[in-house]
Amino acid sequence: MDKDDSRTINFYKRRSYMFHLPSFELGKLLSSSQHATFLDIGENTVVPEDFTKKEMQTGMWWRHLVAGAISGGVSRTCTAPLDRIKVFLQVRGGEYSSIGICLRHMLKEGGIASLWRGNGVNVLKIAPETAIKFAAYEQLKPLIRGGSERELQIYERFLAGSIAGSIAQSSIYPLEVLKTRLALRKTGQYKSTWDAACKIYRTEGLRSFYKGYLPNLLGIIPYAGIELSSYEVLLF
């Protein structure tokens, strides 16, 4: 479609492409636009299905990685109030009978700014989580192929996605715990994110940053694997 190499697709380019397309099967349509469709294998982190050798050599894949991190940060910032309400209802659901009551409590306790508590850490963990997951996934694929150039089977992609998701989640899990603690904190409880981390470490120890790790890991293994393999079934 992008004959002039402008890296943009407008209506006329798309229309011309559709006129000359030899098939209108959904799978082939998706395959033809490799990076127009992307895969979420762990809390809305963009991991493209594959990159060409040229993209890997020129560093184009880093642009996709950065774009995914930025878009993820923007989307999480926009939805941060809803995320904090969700955490409150999950942990203190018995104290609030509705979303409205929970929202009024948060506004009364800390004002408008309190709706974004913990969002900084939530955004901070997007980039390393994305990078680690992508790097692990790309390294696992040739290992599973065994040196050949064949396409991976569904169960092999399930395995690669599960392992990559597990590695990424394990590496950033302390940030996940810190985000939740900051979202639930009271006004004035912590001066900053670093202050929160230090106080949690002093009072509860290092193991406190891995509370809930096993259930989270058991959840991400099938989540990442099923998401990836399901994507492949629908695509091909």
In one Ile/Leu/Val/Met/Phe/Trp/Tyr side-chain cluster, 4.5 Å: F158, L143: no

How about R157 and K141: do any of their side-chain heavy atoms sit closer than 4.5 Å? yes

Could you report the tightest heavy-atom contact between S171 and I132, atom names first, then the distance? OG-CD1, 3.1 Å

From NZ (K191) to SG (C198), nearest 0.5 Å: 11.5 Å

Are L184 and I85 connected into the same hydrophobic cluster when the rule is that any two of I, L, V, M, F, W, Y join if their side-chain heavy atoms are below 4.5 Å apart? yes

Strictly distance-based, threshold 3.5 Å: is any side-chain N or O of Y173 a donor or acceptor partner for the main-chain N or O of N216? no

Separation between CG of L159 and CD1 of I144, rounded to the nearest 0.5 Å: 4.5 Å

Nearest atoms (heavy-atom pairs only) where G165 meets I220: O-CG1, 4.1 Å

What about V121 and Y213, same hydrophobic cluster or not, with Ile/Leu/Val/Met/Phe/Trp/Tyr joined at side-chain heavy-atom distances under 4.5 Å? yes

When clusters are formed by joining ILVMFWY residues with side-chain heavy atoms under 4.5 Å apart, either directly or through shared neighbours, do I172 and W194 land in the same one? no

Assess, by modelled atom type and distance only, whether the side chains of E109 and S114 contain a donor and an acceptor separated by less than 3.5 Å. no

Of all the heavy-atom pairs spanning I200 and S208, show the shortest one and how long it is. CG2-OG, 3.3 Å

Please report the interatomic distance CZ(F88) to NE2(H105), rounded to the nearest 0.5 Å. 5.0 Å

So with a 6.0 Å cut-off around CD of Q139, is the heavy-atom count from everything else above 12? no

Contacts of type side-chain contact (heavy atoms from CB on, under 4.5 Å), residue I101, not counting sequence neighbours: Y96, S97, S98, R104

Taking only residues two or more places apart in sequence, or in another chain, which ones meet R185 in a side-chain contact (heavy atoms from CB on, under 4.5 Å)? R117, L182, Q189, Y190

Examine the side chains of Y223 and S162 and answer whether a donor and an acceptor come within less than 3.5 Å of each other. no

Do the non-hydrogen side-chain atoms of T77 and W116 ever get within less than 4.5 Å of each other? yes

Before giving the answer on salt bridge (Lys or Arg N to Asp or Glu O under 4.0 Å), spell out for K211 and E176 the whole-Å C-alpha distance, their side-chain angles and the decisive distance to 0.1 Å. CA-CA 10 Å; K211 288 183 177 180; E176 185 70 30; over 6 Å; no

Cluster overlap V91 with L89, hydrophobic side-chain contacts below 4.5 Å: yes

S192 and D195: CA distance, side-chain angles, deciding distance, side-chain contact (heavy atoms from CB on, under 4.5 Å) verdict: CA-CA 5 Å; S192 64; D195 180 56; 3.6 Å; yes

Minimal heavy-atom distance between T187 and G110, with the atoms involved, is OG1-CA, 3.5 Å

Nearest heavy-atom neighbours spanning N119 and R76: OD1-O, 3.4 Å

Evaluate the side-chain contact (heavy atoms from CB on, under 4.5 Å) criterion for residues D83 and K179: first the C-alpha distance (whole Å), next the side-chain angles of each, then the deciding distance (0.1 Å), finally the verdict. CA-CA 11 Å; D83 185 62; K179 180 214 64 169; 3.7 Å; yes

L115 and L107: CA distance, side-chain angles, deciding distance, side-chain contact (heavy atoms from CB on, under 4.5 Å) verdict: CA-CA 7 Å; L115 298 180; L107 290 173; 4.0 Å; yes

Distance alone, cut at 3.5 Å: any donor-acceptor contact between the side chains of E129 and Q169? yes

Applying side-chain contact (heavy atoms from CB on, under 4.5 Å), name anything that partners L214, two or more places apart in sequence or on another chain. L218

Min side-chain heavy-atom separation E204-R181 under 4.5 Å: yes

